[in-house]
Structures are given as C-alpha cells and as structure tokens.
Amino acid sequence: MSQPLPRRGRWRPGLDPPALVALLLGVGGVGYRLLLTLSTVPPSNSDEATFGLAALHIAAGQERPVFLYGQHYMGVLESYLAAPLLALFGPSWPVLRLPLLALYALFLWLIYRLTRRIGSPWFATLVVGLLALGSQRVVRDQLTVVGGRPEGKVAVLLMLLVVVGLARGTLRHRRLAVGLFGLLAGVAVWSDWLILPYVGAAALALLWAVRRDLLGWAGALLVAGFILGVTPMLAYYLTAGPGTDPLSVLGEVNTDDGPGPALTQRFSGAVLEGVPLATGLCPIDGCGRWPQSFGLLYPALLMIATVVAIIAYRRATGRAARVAPVVHLALVVGAALTLLSYARSPLAATDPLANARYLALLQLSLPAVLWPLWQAAVAALRGTAGVLTRLAGTLAAALLATLVATASLVTVLFVATGTVAPRADERAARNLADTLRASGPYEVYGSYWTCNRLIFNTDEAVACGVLDDGLVPGQNRYPVYWTRVAAASRPGYVVETGSPQEQRLRQLLGERADASLIADLDEYRIYHPETPLRPGR
C-alpha cells in the first residue's frame, strides 16, 4: 500500500505547544537580560571588579587563583569562564558578564527539562515564564559576576536530571553518569558553599536511585569525580598557611561581633523580605503587604509540597514512577535548609534588602513549591473534583495568577524607572576612569567600592589603595595595588563628594584642601596634594 508523502514547503514545528511557548518565553528572558548586559545594568561594583581582575590575570597567564582575592572560600570559576573573552576583547563589563548570560540560558533550558519530567509540560512552561521575568534584585543575582550561584544552579539541575535518567533507565552509560554527578557536585562545592544544601539533597536522591550500583565501579567514579571537582580547593587548603582550612574559614565567616538580633527578627527578615525579593516579587527598595504575605506563606508551601510528594511516592509503584516525588522532596529539602541557614545569619535581620542575594538559589525549588498549586488549579478547572477541592483549586489558580501578575509588574516597573540610576552611576564611574587614565594621577587612594572598580575600568593603568572612612588602610584584596600606590612619590585621592572620607581628607589637608582639588566629576572628587599625604596607620 502506498503511503502519502508529506507536502513540501510547509514548516512543521518539531516542538509541541508547551515547548514552543516555553522557547519563546525563554528567548524573551534571555533577550531582556542581553539588553541589560549591554547597558551594564545592574551597575558594576568592586566585588565584581575583583572577579574581573582575576580573569584578566588568568587571561594574561600571570596567576591561577583558586579563590577570590582576599578570601579562602569563594571559588572563581566565573573568572575562568570570562578569561578567554577578556583576552580577546579586553576589560569590559558586558564581556565579563556574557558567560553568566549563557549560564542563565542553560539554567532555563535545564529547569524546563527537569520540570517537564517531574511535573507536566504546561507547568514547565509556567516555571520558565516566571523565571524569564526579572526584578532588579533577581537580574542582579543572575548577571553580576560575584561568584557561585549561577553555575551552582546549573550544576544542581544537571545532577537531578542524572538522577531522573538513572531511575528511569534512559541513560546508557550509567557509571559515567554517576561520575559526572560527582564532578558536578565537586565543582559546585568549590564554587560556592551556599550550594551545599542542594548538593546534599541531590546526593540523597542519587543514593535512593542507584544505591546498589554505588558499591561497585559507579561508586568509585562518583568519588573520583567529586575529588576532581574539588581538586583546586583541596590543593589550596593543603598548601596554604594556618587558619585557611575549611573549618577555620567557616568559623571566621560565621563569627558574630557581640549579641546578634533575636531569632524571630532574623526569621522575619528572611521570610518577609528575603523570600519575596529573591523570587522577584518586590522592587529592590522593599516589599509591600502582598509580597510579604507570600513570603509568610512560603514555609507553608514547602510543607504542603512535602506532604504531596510523600503521598505521590506512596501511591506510585516502581523506581521510574517514584523518582519524580523524590526529586520534589530533594528540592524542598534544599530550599528549607537554605532558608534556615540564611535565617540564622544576623544579616537577615539587620540588612535583609541588601543580603537577599543569599536566597537566590530558591529559584531551583520553584517547580516543587508551585507543583501542588498547579495540580489543585488543574483539578478545579477540569471540574472533576468535589466542592471543597474545587474551592481550593480556585484559590490556588488565583495565587498562581497573582504571582505571575506581580512578577510581571515589578519587572515592568524596573525597566521603566529602575534603570536610570544604575546607568547614571555607571557613567560616573566610567567618567572617573577616563579622566584618571588620560591625565592621572595613576596611583590613588579611595574607598573599597571605588578602588577595584576603577582599576578594572582602566585596565590596571590606575592603581588604587583602599582606605576606610578614617583614611586608615582598609580591605585591600590584592596587595600588589596597595604596594604600588604606597611606592608612588605623589599619590592622589579619589573620594565621593561629601563623604566621611572627603571630610577627613580635607581636615588633614587644612589650608591646602582647595588647592589640592584637581577635578570634580559627578559624585567623585580627585585630590592631588603637592606635598604627599600618606594614610595613617
């Protein structure tokens, strides 16, 4: 029997409708962030500049740093990713951030694949749509090169996809897949310790999926892969001086000066401000009543997701069917531990707006947190459930719609009004760098948030030594710059107009203050005393 041939000239999409819509949403999210990247929005800062300077040194073959300069725990994988681009195009904030844009695109694709496998196609599309949006807080975490979180999220998603593939038997080379899991876990741990709750939860899921296989070659490859991933960190700790071992570093990072805020204050800051900020429901200057209500609801959603996953696990039969609720549980555990860890920090109470970045990893758990709401909403729309179930489903659908509307509104407000100040700040920093690079002085003192940013903007043509508000040596992450400025015969000073630093400087200069002022640029002033003024110790 003859078969009809397909008509030529008619394009037939290879994606089903949910995948096609998700693709369009993902392209929109990447395009939106590309425009922000090209505009250097959010603005750069000295923390990011330190990663950029490390990338420049890597590109030039000068150094092979393991951790961020001045620290013993934050990996510089992002610097290594950016180094080839900086070697080709030179120092530039958009070039430095391009690898993070690629990681974000990969994150969207991976979370869609994972959500589709442990949820449903249209639910995966909803998750991609929410993650394609981006408030100022969210895009700052995704696009600013400050270490750890973008690559950590990608690693965790790949690890969980490996678990799903192993449980369902869709991976051919099972041993190599387990070894890849270990490698990803090691790289994630080296890059940022904040990822540990999710890595641990994914490891438990792997143990459930292939516990028997781990007794043989698969287990050996898992350990070998993990050791390979953390090799830079292990080599550093074995060769560095005393006080740089992981326990000492962790103790130093978590040391509190004096009595900290009450636990209730920390939990309130983490839940009412941190969660809605990290999930893109608030502008960067604070949260309103409704976003705070969602933050308060978040722990309850975690508990509901736990109960739903346990029920689904008990009703399912076979490893292939049970892997979805297991992954849901892993994501819930990762979110709960991350939230509890942040709530223990005094920063959650004292400055929740600036430190909500530590909850950026909660985006990983969006498929698990929203899955019960989606199931209830679908059941209500189909009309196959009872009255109470339909009522609950209607409320769930309303909550999902409100989340989408709120995140969309915050994104639109940021695009409409929130990019003006960052662009002005970036122009001021660039103007300062261009002025100093053109006419000097080429060795200056300044604040922490001025120095490394200035050095990167000038491609190290200008060196800057960090001083605190009292003009006492501050946090100089890379001592080479401080040494260069200290050796200068006549160093200058770059201060913010009206800052405590400028007030102290003018006090020390006395009658020479006005004569030493050589430039007044936007928010910065440049002083270059005829008689060198050395910072006090």
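This chain uses plain numbering: 1 for the first residue, then up along the sequence.
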Practice problem: Dump the intermediate steps for side chain to side chain contact (heavy atoms under 4.5 Å, CB included) on F226 and L183, then the final yes or no. | Solution: CA-CA 5 Å; F226 181 79; L183 177 64; over 6 Å; no
Quiz item: Could you go step by step and tell me if Y69 and N452 meet the side chain to side chain contact (heavy atoms under 4.5 Å, CB included) rule?
Solution: CA-CA 11 Å; Y69 294 142; N452 280 9; over 6 Å; no
Say whether, by atom type as modelled, one donor and one acceptor occur between the side chain of [X] and the main chain of [Y] under 3.5 angstrom.
| X | Y | result |
| --- | --- | --- |
| Y237 | H72 | yes |
| S365 | A368 | no |
| D192 | I195 | no |
| Q136 | I284 | no |
| E426 | S44 | yes |
| Q501 | L467 | yes |
| R490 | P529 | yes |
| Y481 | E460 | no |
| Y80 | P65 | yes |
| S341 | T338 | no |

Quiz item: Quick one: are the ring centres of H57 and Y478 less than 6.0 Å apart?
Solution: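 Yes, the ring centres sit under 6.0 Å apart.
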Exercise. Could you tell me if the ring centre of F67 sits under 6.0 Å from that of Y73?
Key: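 No.
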May I ask you to test the [X]-[Y] pair for a side-chain heavy-atom distance under 4.5 Å?
| X | Y | value |
| --- | --- | --- |
| T144 | N45 | yes |
| F414 | T419 | yes |
| S135 | L281 | no |
| T115 | Y112 | no |
| M74 | F51 | yes |
| V66 | V76 | no |
| L331 | L160 | yes |
| R149 | L361 | yes |

Which value, rounded to the nearest 0.5 Å, describes the distance between [X] atom [atom1] and [Y] atom [atom2]?
| X | Y | atom1 | atom2 | result |
| --- | --- | --- | --- | --- |
| L206 | L222 | CG | CG | 6.0 Å |
| Y527 | I518 | OH | CD1 | 11.0 Å |
| Y358 | L194 | OH | CG | 7.5 Å |
| N431 | Y524 | CG | OH | 10.5 Å |
| L471 | R534 | CG | CZ | 13.5 Å |
| C282 | L277 | SG | CG | 4.5 Å |

Quiz item: Would L184 and V199 count as a side chain to side chain contact (heavy atoms under 4.5 Å, CB included) if you check the C-alpha gap in whole Å, the side-chain angles of each, and the deciding distance to 0.1 Å?
Solution: CA-CA 9 Å; L184 292 168; V199 170; over 6 Å; no
Quiz item: Can we say R525 and D520 salt-bridge, meaning some charged N sits less than 4.0 Å from an Asp/Glu carboxylate O?
Solution: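 Looking at R525 and D520, the cut-off is met.
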Quiz item: Are any of the side-chain nitrogens in D425 or R453 under 4.0 Å away from the carboxylate oxygens of its partner?
Solution: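 Between R453 and D425 there is a salt bridge, with a charged N closer than 4.0 Å to a carboxylate O.
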To check you understand the geometry: which heavy-atom pair defines the closest contact between [X] and [Y], and what is its length?
| X | Y | value |
| --- | --- | --- |
| V30 | L101 | O-CD1, 3.9 Å |
| P91 | L86 | CA-CD2, 3.9 Å |
| V128 | L108 | CG2-O, 4.1 Å |
| L96 | V145 | O-CG2, 3.6 Å |
| Y493 | L505 | CB-CD2, 3.6 Å |
| V415 | Y32 | CG2-CE1, 3.6 Å |

Exercise. Begin with the C-alpha distance, continue with both residues' side-chain angles, and end with the deciding distance and a verdict on salt bridge (Lys or Arg N to Asp or Glu O under 4.0 Å) for R116 and D16.
Key: CA-CA 12 Å; R116 183 162 177 147; D16 59 14; 2.3 Å; yes
Quiz item: Taking atom types as modelled and ignoring hydrogens, do the side chains of Y448 and R477 form a donor-acceptor contact shorter than 3.5 angstrom?
Solution: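 The answer is yes; a qualifying pair exists.
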Self-check item: Any donor-acceptor N or O pair under 3.5 Å, side chains S408, T411
Solution: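 Their side chains do not contain a donor-acceptor pair, so the 3.5 Å distance test is not met.
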Quiz item: In this structure, which one of L521, N457, V462 forms a side chain to side chain contact (heavy atoms under 4.5 Å, CB included) with L436?
Solution: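 It is V462, the one option of L521, N457, V462 that forms the side chain to side chain contact (heavy atoms under 4.5 Å, CB included) with L436.
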Exercise. Flag this pair as yes if the NZ/CZ of R33 is under 6.0 angstrom from the six-membered ring centre of Y104 and inside a 45 degree cone about the axis; otherwise no.
Key: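 That pair qualifies as a cation-pi contact.
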Exercise. Please indicate whether W122 has more than 12 foreign heavy atoms, meaning atoms of other residues, nucleotides or ligands, lying under 6.0 Å from its CH2.
Key: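 Atom CH2 in W122 is packed in, count exceeds 12.
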Quiz prompt | Residue list, ring-ring contact (aromatic ring centres under 6.0 Å, His included) with F456, at least two apart or on another chain | solution =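 F456 satisfies ring-ring contact (aromatic ring centres under 6.0 Å, His included) with W93 only.
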Exercise. List the steps, then state whether side chain to side chain contact (heavy atoms under 4.5 Å, CB included) holds for E151 with V154.
Key: CA-CA 5 Å; E151 61 268 35; V154 167; 5.6 Å; no
Quiz prompt | Partner residues of A177 under the side chain to side chain contact (heavy atoms under 4.5 Å, CB included) criterion, sequence neighbours left out | solution =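 With neighbours one apart ignored, the set is V162, L166, L171.
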